[in-house]
Chemist: 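One structure coming up, written as structure tokens, with questions to follow.
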2 protein chains.
Amino acid sequence: MERIQEEDDLLMYCLYFTASRFARNISKLADDAIDGELAPSYYYLMLVVHFHPGITQKELSERLSLAPSTSTRFLDKLEKLGLIQRDVIGKQSHITLTSSGEEAYTEFRQSLKTLFANYASILGKEESELLSKTLHEANEQLEKK
Amino acid sequence: MERIQEEDDLLMYCLYFTASRFARNISKLADDAIDGELAPSYYYLMLVVHFHPGITQKELSERLSLAPSTSTRFLDKLEKLGLIQRDVIGKQSHITLTSSGEEAYTEFRQSLKTLFANYASILGKEESELLSKTLHEANEQLEKK
DNA sequence: CACTATCATGTGTATATACAACTATTAAGG
DNA sequence: CCTTAATAGTTGTATATACACATGATAGTG
């Protein structure tokens, strides 16, 4: 009894564990709500590019907190699908959405509405917004070092 | 200006995005604090086995919210390292820590203290505990469906 | 102007994790 | 008892993501 309590506490109060598990589970929700071919992360990348046409890959990686190698891989795939365009100038590459990229983005924005509605219906609207904001802020503190 | 605001809102209020990013970043903290060979998840698995010797693989997967195939892979690795033992009875397999598994677990418990202290120093003690608990509860709602 | 340091991106490789399909075992209904 | 259904675990394969290193481009100092 004592033991079980201790175990539960350890699992409940370890942020690494609770955060990873929550992220895994919420990914499934997102996958379901977004009906495109690609994993959700690709659409978030396109979202950032939509708001910053010509953004460099480095800044893109920073905004998404992705390792540079990861953004290279993502962009390779999106480029192959004709959704983004790379313009290499010197050592930097500047990214823009192609017209079909913009289309895909528009569809994604629709899916996002569904997704937000799903969060709200499961966790409550206020609660899910608050949690998301808290995670956002906690992440900033982590990255600040 | 309007646009930038809209972008930030979208990134900040999307639980999928904030949760995944936070999980990625906090994994790095955990990796640093835990000085064993293995990734943090393996130690959490051992923790559960420590408190439930002879647990079936199915229940183990459920407690950790891992897909069965994932637990198979984890156990393969841990078995090869001599840290756990599988006893197959009929269609179920029962898991226990070996003595070196218990040792590894004990070291892990030490590392956990460091890790918790790191969370606390970056996010604040109260705040990190609260966030972890909130994630735990939100996850339960997700799994309840 | 040449040389070196710094920086942006790409490549090789590794890992956690998942799903779908498969195998093997037990349980249930006629 | 036999057949069928359900269940537990495994295997093939795919993907997101990372780190360490390689490569190529720029910038800054002598």
Side-chain angles (χ1 to χ4, degrees), chain A residues 16-17 19-32 34 36-46 54-81 84-95 142-143, chain B residues 16-17 19-32 34 36-46 54-81 84-95 142-143:
Chain A
Y16 162 76
F17 179 72
S20 309
R21 169 160 76 175
F22 183 74
R24 285 200 304 276
N25 275 118
I26 206 141
S27 289
K28 289 176 200 159
L29 262 196
D31 271 326
D32 290 350
I34 298 170
E37 309 288 286
L38 297 159
S41 312
Y42 289 87
Y43 293 102
Y44 280 91
L45 189 154
M46 287 199 273
I55 191 174
T56 67
Q57 189 170 327
K58 181 181 166 61
E59 204 194 329
L60 187 55
S61 308
E62 279 166 2
R63 278 181 181 269
L64 298 165
S65 311
L66 288 175
S69 60
T70 304
S71 65
T72 295
R73 299 274 147 76
F74 277 38
L75 291 169
D76 285 351
K77 188 163 177 175
L78 291 172
E79 194 178 31
K80 202 165 291 171
L81 291 170
I84 61 108
Q85 184 186 341
R86 280 195 247 229
D87 294 297
V88 179
I89 301 176
K91 64 181 172 183
Q92 304 182 85
S93 89
H94 296 262
I95 318 295
L142 282 189
E143 291 190 5
Chain B
Y16 163 76
F17 179 72
S20 309
R21 169 159 76 174
F22 183 74
R24 285 199 304 276
N25 275 118
I26 206 140
S27 290
K28 290 176 199 157
L29 262 195
D31 269 325
D32 290 349
I34 297 171
E37 310 288 286
L38 297 159
S41 312
Y42 289 87
Y43 294 101
Y44 279 91
L45 188 153
M46 288 198 273
I55 191 174
T56 68
Q57 190 169 328
K58 181 182 164 62
E59 205 195 329
L60 187 54
S61 307
E62 278 166 3
R63 279 181 180 267
L64 297 165
S65 309
L66 288 176
S69 60
T70 305
S71 64
T72 295
R73 300 274 146 78
F74 276 38
L75 291 170
D76 286 349
K77 189 163 178 175
L78 290 172
E79 194 178 30
K80 202 164 293 173
L81 290 170
I84 61 108
Q85 186 187 338
R86 281 195 246 228
D87 294 298
V88 179
I89 301 177
K91 65 181 171 184
Q92 303 182 83
S93 89
H94 297 261
I95 318 295
L142 281 190
E143 291 190 3

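Within every chain, numbering begins at 1; the chains are lettered A, B, ... in the order of the sequence lines, protein sequences first and strands thereafter. This one's a predicted model, so the numbers in the text were calculated from it and none came from an experiment.
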Chemist: Which whole-number value in Å describes the distance from A:Gln92 CD to D:dG24 P?
Modeler: 18 Å
Chemist: Taking the minimum atom-to-atom distance to the side chain of B:Thr56, which one of D:dG9, D:dT10, D:dA18 wins?
Modeler: D:dG9
Chemist: Between P on D:dG9 and CD1 on B:Ile95, what's the gap in Å once rounded to a whole number?
Modeler: 8 Å
Chemist: The side chain of B:Ser93 lies closest to which of these nucleotides: D:dG9, C:dA16, C:dC19?
Modeler: D:dG9
Chemist: Would you please classify the geometry between the A:Tyr44 ring and the B:Tyr16 ring as parallel, tilted or perpendicular, with 30° and 60° separating the classes?
Modeler: tilted
Chemist: Which sits closer to the 5' end of DNA chain C, A:Gln57 or A:Tyr16, going by the nucleotide each is nearest to?
Modeler: A:Gln57
Chemist: Measure the OG-CZ distance between A:Ser27 and B:Phe17 for me, rounded to the nearest 0.5 Å.
Modeler: 12.5 Å
Chemist: Tell me the interatomic distance from B:Asn25, atom CG, to D:dA16, atom P, rounded to whole angstroms.
Modeler: 19 Å
Chemist: Confirm from the modelled atom types if B:Arg73 and D:dT13 form a donor-acceptor pair under 3.5 Å, side chain to base only.
Modeler: yes
Chemist: Taking 4.0 Å as the cut-off, does a side-chain nitrogen or oxygen of B:Thr72 come that near to OP1 or OP2 on D:dT10?
Modeler: yes
Chemist: Take nucleotides 1-7 of chain D nucleotide by nucleotide from the 5' end and write B, S or -, depending on whether a protein heavy atom sits under 4.0 Å from the base, only from the sugar-phosphate, or from neither.
Modeler: ------B
Chemist: Please state how far atom CG in A:Asp76 lies from atom P in C:dT9, giving the value in whole angstrom units.
Modeler: 13 Å
Chemist: Can you identify which nucleotide, out of C:dA18, C:dA16, C:dT9, has its nearest atom closest to the B:Tyr42 side chain?
Modeler: C:dA16
Chemist: Of B:Lys28 and B:Leu75, whose closest DNA chain D nucleotide lies nearer the 5' terminus?
Modeler: B:Leu75
Chemist: Side chains of B:Glu37 and B:Leu81: closer than 4.5 Å at any heavy-atom pair?
Modeler: no
Chemist: Partners of B:Lys58 by salt bridge (Lys or Arg N to Asp or Glu O under 4.0 Å), sequence neighbours excluded?
Modeler: B:Glu62
Chemist: Looking only at side-chain N and O atoms, does B:Ser41 come under 4.0 Å of OP1 or OP2 in C:dT17?
Modeler: yes
Chemist: Give the rounded distance in Å between these two atoms: CG of B:Asp31 and P of D:dA20.
Modeler: 11 Å
Chemist: Quick one: label A:Arg86 by what it contacts on the DNA or RNA (base, sugar-phosphate, nothing), any heavy atom closer than 4.0 Å.
Modeler: sugar-phosphate
Chemist: Please determine whether a side-chain nitrogen or oxygen atom of B:Thr70 lies at a distance below 4.0 Å from atom OP1 or OP2 of C:dA18.
Modeler: yes
Chemist: Listed by chain and number, what are the salt bridge (Lys or Arg N to Asp or Glu O under 4.0 Å) partners of B:Asp76, not counting sequence neighbours?
Modeler: B:Arg86
Chemist: What closest approach, in Å, do A:Gly36 and A:Tyr43 show between heavy atoms, and which atom pair accounts for it?
Modeler: CA-OH, 3.1 Å
Chemist: Could you give the distance from CG (A:Leu78) to CZ (A:Arg73), rounded to the nearest 0.5 Å?
Modeler: 14.0 Å
